Structure formats: structure tokens, C-alpha cells
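In this text the structure is predicted, and so the values were computed from the model without any measurement. Below, read A as the first sequence line, B as the second, and so on, with proteins coming before strands; counting in each chain starts at 1.
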Amino acid sequence: MELYEHKKIEQKWREKWETSGVYKTTEDADKEKFYILDMFPYPSGVGLHVGHPKGYIATDIIARYKKMKGFNVLHPMGWDAFGLPAEQYALKNKVHPRVATQENIATFKTQIEKISLNYDWDREFSTTDPDYYKWTQWTFLQMFKKDLVYRSHEPINWCPSCKTGLANEDLEDGACERCGTPIEKKKMPQWVIKITDYADRMLADLDGLDWQENIKQSQRNWIGRSEGAEIEFRIKNEELKSTSQKVILMHGKDTDPSQKWYPWLAAEMQKKKIPFVAPVLLHADDPHMDEWLSQLDDTKPTEDTILIGHSRGGVAILRWLEKQPENFKVKKVILVATNYAKCDEKHTKDNTHGFYTDAGYDFEAIKKHCDDFVVLHSTDDKWVSFSHGETNAHGLDANFIKFNDRGHFGSTLKKQEIPALLDLISGVQDISIKVFTTRVDTIFSGAFVILAPEHELVEILKEKISNGTEVEEYIQAAQKKTEIDRTAVDKEKTGVELKSVTVINPATGQEIPVWISDFVLAYYGTGAVFADAHDARDFVMAKKYNIPLTVSIRPKSDAAWEKVKNFEECYEEDGILVNSGDFDGLTSEEARSKITQWLAQKDLAEEKTSYRLRDWVFGRQRYWGEPIPLIHCEKCGVVPMPEEELPLVLPDVEHYEPTDTGESPLAGIDEWVNTECPQCGGSARRETDTMPQWAGSSWYYLRYIDPKNDTALVDPQKEKYWSPVDFYVGGEEHATRHLIYARFWHKFLFDIGVVSHDEPFAKLQTVGLIIAEDGRKMSKRWGNVINPDDVIERFGADTFRTYEMFMGPFDASVAWNTEGMIGSRKFIERIWKIYYRDYVGGETPNALKKTLHKTINKVGDDIEEMKYNTAISAMMILSNDIEKQKSISTEDFGAFLKILCPFAPHITQELWEQMGNTSFLIEENWPVYDEKYLSDDEIELVVQVNGKVRDKIMVAADIAEDDAKEKALASKKVQKFIDGKKVRKVIFVQGKLVSIVV
RNA sequence: GCCGAAGUGGUGGAAUUGGUAUACACGCACGACUCAAAAUCGUGUGCUUCACAGCAUGAGGGUUCGAGUCCCUCCUUCGGCACCA
């Protein structure tokens, strides 16, 4: 008998398969397609451990099975290689990340190849290939153009150890997910993608997906939708009210009111019902002061007017004020990027037509006409130098607001970028506090309002608050706390009342106090809540500070009501309304919609949905990532790079260490950073932040469909054929981040017509972990890592594959057990022995024939359901049976090899060849089972008495009910148990049992 | 706290969805072969009991002729979310 030498056999077939191209994807249009995908790996320096290939083996089995079933199968593999892990590894080992990545990919690939996975390597790519990330950048630009990308000035999560900003998704319990360092809040402008625009669709579309429930649930939790209402609490302060107020917007040179920051500002003011005038100023390209002044006169400013001027429009306002009569006043003047004197050198030649004098402005005269000046200025404004802003502010005693990166407040600025401006004009309106609540039913007991310490109104109300110092101290203290401390659940509630500020409860009309407390989160809802007796946190806080409460929800039980009524207990559940005017007696649920409607009619409430999901902070201040293809122009603001110039290649440099300044290392590479503005041709700087690690992996599955296309992300015809991914297999750890980002990215591509389906992955299956023999996670740290190379060397790839699939249910995590592998090895060897003991070639006994056909049936079904462990056990039973019977026909043994081939491709292929075949098994058809062998003629009929098994009798499979009952009752063993008792009932289940009740 | 998944021999795990609980494999014990060992093959292996039989699927209750499977209460483990209004 020939020895089973796995090394020789496996090597031989690996080479044959590779050179024959049998793994290449076929695309005949008349065949059905099947796209099966693994979550591509992030190649690390450590290499693979035995846990990694588990999922790959499973997809390989399905891919082979589907191919044998006649499908065009797409089964690709590639590499996710940008991001921090590779960069940190590179820094530590002093190799360039590009080199380290190449090396790691090579290691991974060698390891993967030993397992003989049937990937079509022609479609391989890495997210770090410029040909690939060209399209990552392209998609980003499309998002930018669709206004899905904005500049945020909110404080971001900063990891002081990784020296980069992080998205919400990159945190674990308030610490950096990578290094465990508690994150800090850092104020720095950031590119952010409006993923929240897609929250609702991402949530709703989960229902149509064939995904595991736990993954869907994770997604739902992450999105965190809650339905409720936004309710307005008006501030009781007559001074802040004004009915005849008006805003006048004066634009600058070379522009008009529809440009610059006016469109959003106008829209915002319309929304807030603030009347405004924005005249089209005459001869904007060569303005004359007298024309502009008379136009400003025409707008008829009054003492309730707020004047806003941009650039030379601001100059006009100041010149106009200089000339006003003694007792005239306006309410407020806001100067944005406004000159003190002439502009820079370039403009000295301009005919200023009365705009500038060498003496500057007559500040004393101007100040008589307004008590409230605000100057907005950016330090990088190349048209109006910083000294102008400072001089103006100083001369006017203005509130000077300094920015760092707004340039000349150019045309692409978005409203998020000048929140200060909005705050300023919001001061003209009736001030109200908007709160979000899911419990409108408790509004009648709303006893006070709580703001987050960062709430914008705290600043606006500053002057009205009589205990300003105390409030300031509380805010300072809150800001010093880390995110972990801020959000600890069982932390004691603290707060400070904003004295002299009260609001009106819109339901009761009562005046109630306003507090700030750090348990209210600025970033959720509106950053403000109303507090009452029906929320545990509010309840505790009210008790602590003796804030009077009332109750409005009555529990069903009287005993509970007694306690609730006397404030001995906080009742948070739904109940029946009390103390709620006309709504008394309603259930909470009824009351919620009715009260919302009632308040909405009075314009004091509207239905609202809030999400936990936050926008995607998209910039990383690190080297190893896709450069963000945006250009900062001094004159034009932020300008997208022309698409035809993509990819914007990451410069190859020697030094790429992160900086401490919050600036990307790319900022130090002058020859890369300095560029021309694509719009005006002037000097400009590139954006220096790079994209987060998750960008490249958000759409890679589309690129496999058409990996070499350099004119489109993917060819629409090919996309239509192969999309969506039919089966996606990977780790549960990607339940939130990767799958959220990829679904979002895909939906965006769907919206702009690049893809034809609105969801990328039709079916998703997670892989269970393989834990080490000691029960811990496999890790270098514990020294318990098992390398697949060693296992394959000793046992062979066929045994390795079979064992990993036999270990347990595919999605369960199971501990590795090298001893257990012996069973799989024995099974593989048994197949070999069956052939070499000459059992093959004769007749197949009938009983064996039945086992065979049942097994063919079961293995097919089990593969479809990913129940590999039972598929293998069925084949073990079959091989045990063949050994017992010692005879099987050539054809039947061939069928066995075919169904085993997806699991153990080498040995089955070798034996197939030994039997005289020249074809590849993977190109054979999947065997068809014969119905007639699936059923037995005789079956074992179980006889139960009072539910207990008392006898088993052999009967014909199609035995009639009466015959079966008769036989059962006649059984001697059964007689023993029914003797002397009365038979009350006899139940017959076809093919199974007879149950006798006595 | 909310939501989700799961709990079966010494071990990994089966069980056609309400119908013989413990398939298959590991381990262990005994036997065959061998001078011996390994490998291989065979037999046995939930617990109690000489046996008859009884008891066993995290615990307790329920529905049913019959429950690992369905319902209720609770415990434990894992995963997601969490001062989210």
C-alpha cells in the first residue's frame, strides 16, 4: 500500500491548480452568479494564527461547492493596509510603512496559499495602491460636492498617545480603542462626513437583510434612534424681545449677496423668521463709496437693526456710521474680515473711491451710534491683515472673535464654520431653550430645565445671569473632566442654577428655573432637557438641590402611587396622566401624541427623531493614509482637487513621525503642501490630514468586480451582474464600525448612481473565534499562538481544513485542541486506505448505497447552511460504513470524493487521478442523489407508554395506523406496563412512534 | 439599567424544529497484533443499581400522550448600548 504523504500530494496539486488557472473567475452570461467574500485582512507583522483562516476555509468550501453546482463564482482576496497599526509597526521597527506593508502582505499571502484557497489572485489589490485609493479619494470628492463633508469646529476626540483625532467609533469606554489611552477633547477644525444623514435609511434597511440578529442589533444600538419631540421653553425676559428688529447684510468687493456666506445665513434667518435685507451693491467690481452709502440709507436702519458687513461692506458700514446724526443708534454691528485702511500691497493701486483715508476711522464718532460691536477676523486672511481686525476691535471696544483658518471667509464656508455668527444673530430673536424628549407625557410636571455646560445659550445669557462666577467655575470644572468621568453612570449629580434666568413651561405656563449640569450631553438631542419627577436622574438632582417637583404620571398599582405621590419613589414607567389639565386620564402613549399635537399648534413643539450616531470625523493627523484631496486657497477658500488629477499620491518621505501640534506630518513637506489653486491659480496649500483606516475598506468589495478599471470605480454592467455580495463572512468585531461605514458608503454610491443596489451585503455570517488551548485569546503576549504553517507541515492542509470546520458550529468560538486534530487526520487517512485496500471497484451493497445518497443530500444542504461540522460527521459515518462493508463501486467512490473535495481538495484530487481521471474535481458536477435511496423500507417504530420508551419494533415504513397500534399493544414489553390499566388513548405518528396513554 | 445570543457526558459538540437525548470526534478503559512500544484494528464508555428499574439537557414551575426544543420566574456566561433625556 502506498503511503499517504500529504506534503508531496498537496504541493503537487497546488502547483497544478495555479498554473492551470482553474481558480480564475468565469463570467459566462448564461450562468447564475455567486459572489462570496471574506472580510479582507489587515496584514500585520506577526503573520496569521490558526484562527484567521477559519472564515477563509469556509468561504473556500462554499465557493468550490457553488462552482461544482454550475455558478460563476467570484471569490477574491485583497489587503486592507492603510492606517495606524501598520504605521506604528513601521515606527517601532524603523521600516517605512510602505515597505512593512509589502513585507506583511507577502507573509500573509504565503501562509494563505499553503491552505489552497481558491482565490482569483488576478483581482488582488491593496487599499494602499494609488490605482485603488484614487477611487476612495474620488468618492470623497463626490461627497464633498454633495455637501456631505463639512468642517467642524467642535472639540474632537484626541488620543495623546497616537497623536491623532479619532471618530466616535474608534473609542472604547472613553479610551482609544488601539492603545487604551483615555482620550482628550481637543479643539481643532476637522473634516467630518455627515453619516447621520443616512441614519434612518441604515436603520430601516436592516430589516431586509439576511444577517444574524445580533449584528443587526449592534447596528441598531449604534445608530440609536429615539422618537420624541422638540419642545420650546421660552425665556422669561422681556428685554431680549424685539419686534421691529432687522438684519442688513452688506457684501464686499467683487461679489454679491448670493455668494460668500450669505446663502446659508439668509436661509438660517428665514428659518428663524428674522427679517433681513441684503442689497445688491452697485459696481461691485469697482465700488464707489457714495453709491454704497446711499444704498445703505435706502435700507432704513433703525435702533433695532443689526448691521453685518463683509470685507469692504464692513468699511461701508463704518463710513456710514461716521456720518450719522448725533442721537442715532443701531442695535449691533458685526464686521467680518473688515479692513482698517487699505488692503495689502496688491491693492494700493486700487481706486478706493472714498473707502479709505490715511487716518483710518473716526472711532469715537462711530461708537456713539452703537454699543455693541463684534469683529470677526481670521489670522490667515491674506487680504486683510490681522492688525486691521485688531485695530478695528480695539478702536470700537468690540467683542473680538479670532479664527485661525477661515481665510477671507470665502465662498465655500459653511454655516457650521461660523457658529459664532449664528449665536450673535440669534440674540435678536425671542430666546428660547429647545429640549428633546421622548416623554412628552410628563411635560406638565416639567419642573426645571437643564442645559449642558457647553450649551451655546449659556454664553448668550451670560449678562443676564446673576451668579456668573459660580456658573463659570462649574463650566471650567466640567471641561477639565475626562470623557470617562463625564459619562460614568453612577456619578453623583451636580449642577448650578442660572440665577435670574427663568423659562416658561409651555404646557403649564409656569415660570421654572434653569440649571446647568454635566450629565446633560451637549452632543445629544439639543444639549438641553426638561427635568421632572419621572426620571431618576432629575429626581435625584431635584432632591439634592431642593427643587420643587410635581408628579404627572400615575402608576397602575395604588401602593406604588402612594409612594410616587409622596416623592418616596421615582416612577419612570408609562402610566395614567394626572395633574395634566385636559389630558388627565389618558395613558402615557395616548398623551404623547396628543400633547405634542397640542403644543405644535401653538408652535411650541414639533415631532423629532434623535440619533446616537454621530458624524464621522474623517481626518487623521498621521502619515499612513489616503491624502484628502482638498486645497486651501487664500482667496477661494477650500477648493476640491480636479478629479482628472487623481490620485493624489501620498508623498514618499523618510520622516513621517506624528507631531504633537495636532498637525499631520504631511504639513512639514513644503514641496508637497504648496500648490496652486485649481480655481484662481493663486498660491494655495493642500489639506494635510489623511483619511481614517476605515475609508479604504468601505467599498473594496466593489473593486474586485472590476479591479483594473482606470476610468470608473466599477463598470456599471459588471456591477449590475455581480452585485450585491451574496455571502459575506468575517469577524463579529466589525459589527459596528466596518459595517456601518461600508453600508453608508454604499448607499452614497447608490444615490449618485454608481451602484445598482442600496445595500452591499445580502447575507452576512460571522466567524467564531478560535481561542488558544489555555482558554485565552491567541496572542504573542501569552505565548499561546499556533501558526497554521506548523500545523500544515505536520498534518497537511486537508486535515487542517477539515479540523477547523469540524471543531464546532461555524459561528461559535471554540478552543484549539491539537489532540483533537488526530480525529480529522484519521478520517483523511481512512479515505486513502479505502482506496489502497482495494475496497473500490466492486459492487456497492444496498445499505451502503443508502448511506451514500443520504450523505450526498446532507452535505449539500449543510454547506448551504454553513453547518460544516455535521457535514463532516456525515462523511465520517459514510467512510466508517465503507470500511465495514469493504466494497464500493468506482462510480460511488467518485461521488464520495466529489462531496469531500470542497473540504479536502488535495487528497480527493489525488485519488481521483489515481482512479484514472484527468479532470479537476472542482470542475466536475456536484453529484445528484437518488430519492429512492433516501427512504428505508423498514423502520424502527418506537412504542411509548405514558411518554416513556418501552419498546422498539421493526415494521414496514408505510405501515398503516391500525396495524401499528395493534402491533404496539401486542408487544410483550409494553404489555408489562399496561397490564391491569385502562388504555385511554393511542397516538400514532407516521414513521416515528406509537404512544399509549394509560 | 436596556437589547441580543447562549447554557446538553471527562472534552469539542449532535438532535430532521414538539416525537428514541448524548450522532460524529477527542479522551479514557479493556482486548487483538507485537519481544516491547508506537501505529492500526476491535469492544465498551451519562449517572445510580448485581439486576428490575429509576434519574439526567443551568435552577424551579407550567402546557402536552410526549419538552433540550413552547410559555412563566430566576441564575450564570458572552456580545452590543448606556447619565442618550
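Distances were taken from every side-chain heavy atom of Asp518(A) (C-beta onward) to each of A85(B), C83(B), A82(B); the shortest belongs to C83(B). In this structure, of C24(B), C83(B), C65(B), it is C24(B) that holds the atom nearest to the side chain of Met876(A). Candidate nucleotides A85(B), A15(B), U40(B) were compared by shortest atom distance to the side chain of Lys867(A), and A15(B) ranks first. For Val949(A), the listed nucleotide lying nearest its side chain is A21(B); candidates were C65(B), A21(B), A85(B). Taking every side-chain heavy atom of Thr870(A) into account, A14(B) is the closest of G13(B), C84(B), A14(B).
Glu733(A) places its CD atom 18 Å from the P atom of C78(B), with the value rounded to the nearest Å. Between Asp173(A) atom CG and G80(B) atom P the separation is 9 Å, expressed in whole Å. If you take NZ of Lys948(A) and P of A21(B), they are 11 Å apart, rounded to a whole angstrom. Spacing between atom CD of Glu865(A) and atom P of A14(B) amounts to 13 Å, rounded to whole angstrom units. Rounded to whole Å, atom P of C52(B) lies 13 Å from atom CZ of Arg950(A). Between the C1' atom of A6(B) and the CG atom of Asp811(A) lies a distance of 11 Å, rounded to the nearest Å. Distance NZ (Lys777(A)) to P (C78(B)): 14 Å, rounded to an integer number of Å. Rounded to an integer number of Å, the gap from Glu177(A) CD to G80(B) C1' is 15 Å.
In this structure, Arg614(A) reaches neither bases nor backbone, as no heavy-atom distance under 4.0 Å exists between it and the strands shown. Contact annotation for Ile877(A): backbone-only contact, meaning every heavy-atom pair under 4.0 Å involves sugar-phosphate atoms and none involves a base. Within 4.0 Å of Val942(A), counting heavy atoms only, lies at least one base atom of the nucleic acid. Nucleic acid contact class of Asn214(A) (heavy atoms, under 4.0 Å, all strands): sugar-phosphate only. Among the heavy atoms of the strands lying under 4.0 Å from Gln944(A) is at least one base atom, whether or not backbone atoms are also near. Contacts of Val986(A) with the nucleic acid, taken as non-hydrogen atoms under 4.0 Å apart, are absent. If you check every strand for non-hydrogen atoms under 4.0 Å, Ser995(A) touches a base. Residue Ser873(A) is classed as a base contact, given a heavy-atom separation below 4.0 Å to a base. Base contact: Lys992(A) has a heavy atom under 4.0 Å from a base atom. Residue contacts for Phe806(A): at a heavy-atom cut-off of 4.0 Å it reaches a base atom on one of the strands shown.
Look at Arg220(A) and you won't find any side-chain N or O under 4.0 angstrom from OP1 or OP2 of C81(B). Neither OP1 nor OP2 of U11(B) sits under 4.0 Å from any side-chain N or O of Asn817(A). Taking 4.0 angstrom as the limit, Lys952(A) places none of its side-chain polar atoms (N or O) nearer than this to OP1 or OP2 of U20(B). In this model, the phosphate group of A25(B) is approached by a side-chain N or O of Asn880(A) to a distance below 4.0 Å at OP1 or OP2. Distances shorter than 4.0 Å separate some side-chain N or O of Arg537(A) from OP1 or OP2 on C84(B). For Lys826(A) and C26(B), the shortest distance from a side-chain N or O to OP1 or OP2 is below 4.0 Å.
Of the P atoms belonging to G31(B) and A36(B), the separation is 13 Å, rounded to the nearest Å. For the C1' atom pair drawn from A53(B) and A38(B), the interatomic distance equals 44 Å after rounding to whole Å. Spacing of C1' atoms, A56(B) relative to G68(B), comes out at 12 Å, to the nearest Å. Going from the P atom of G13(B) to that of G7(B) covers 10 Å, rounded to whole Å. Rounded to whole Å, the C1' atom of C65(B) lies 12 Å from the corresponding atom of G18(B). Separating the P atom of U73(B) from that of G4(B) is a span of 13 Å, rounded to the nearest Å. Annotation: C50(B) and G60(B) have their C1' atoms spaced 35 Å apart (nearest Å). A gap of 14 Å separates the C1' atoms of U20(B) and A67(B), to the nearest Å.
The base of U20(B) lies close enough to the side chain of Glu940(A) for a donor and an acceptor atom to sit less than 3.5 Å apart. Looking at Gln219(A), its side chain has no donor and acceptor atom pair within 3.5 Å of the base of G80(B).
Base pairing of G27(B): its partner is U45(B), meeting the Watson-Crick or G-U wobble criterion (both donor-acceptor distances under 3.5 Å). C74(B) is paired with G58(B) under the criterion used here, namely a Watson-Crick or G-U wobble arrangement in which both key atom distances are under 3.5 Å. Summarising the base pairing, C2(B) is matched to G80(B) through a Watson-Crick or G-U wobble pair whose two defining distances lie under 3.5 Å. Base pairing of U63(B): no nucleotide in any strand meets the Watson-Crick or G-U wobble criterion (both distances under 3.5 Å). Figure legend. U40(B) is base-paired to A32(B); pairs are counted as Watson-Crick or G-U wobble with both atom distances under 3.5 Å. Both distances falling under 3.5 Å, in either a Watson-Crick or a G-U wobble arrangement, occur for no nucleotide opposite G18(B). Using the Watson-Crick or G-U wobble rule with both distances under 3.5 Å, A51(B) pairs with nothing in any strand shown.
A cation-pi geometry, defined here as NZ or CZ lying under 6.0 Å from the six-membered ring centre and within 45° of its normal, does not hold between Arg825(A) and Tyr803(A). In this structure, Lys493(A) is positioned above the aromatic face of Phe519(A), its NZ or CZ under 6.0 Å from the six-membered ring centre and within 45° of the axis. Relative to the six-membered ring of Trp222(A), Arg614(A) misses at least one condition, a distance below 6.0 Å or an angle of at most 45° to the axis.
Between Phe744(A) and Trp694(A), the ring centre distance reaches or exceeds 6.0 Å. Ring to ring, Tyr929(A) and His853(A) are not that close: their centroids are 6.0 angstrom or more apart.
Annotation: the span from Glu230(A) atom CD to Thr596(A) atom OG1 amounts to 12.0 Å, rounded to 0.5 Å. In this structure, Tyr4(A) OH and Asp798(A) CG are separated by 5.0 Å, a value rounded to the nearest 0.5 Å.
No donor-acceptor pair closer than 3.5 Å links the side chain of Asp538(A) to the backbone N or O of Asp535(A). Of the possible donor and acceptor atoms, one in the side chain of Gln212(A) sits under 3.5 Å from a partner among the backbone N and O of Thr766(A). Ser588(A) places a side-chain N or O within 3.5 Å of a backbone atom of Gly575(A) that can act as its donor or acceptor partner.
Glycosidic conformation of G9(B): syn, with the torsion inside 90° of 0. In U57(B) the O4'-C1'-N dihedral to the base is more than 90° from 0, which defines an anti nucleotide.
RNA chain B is contacted by both Gly947(A) and Gly525(A); Gly947(A) maps to the nucleotide lying nearer its 5′ end (nearest heavy atom per residue). For Glu829(A) and Asn869(A), each mapped to the nucleotide of RNA chain B holding its nearest heavy atom, the one lying further toward the 5' end belongs to Asn869(A).
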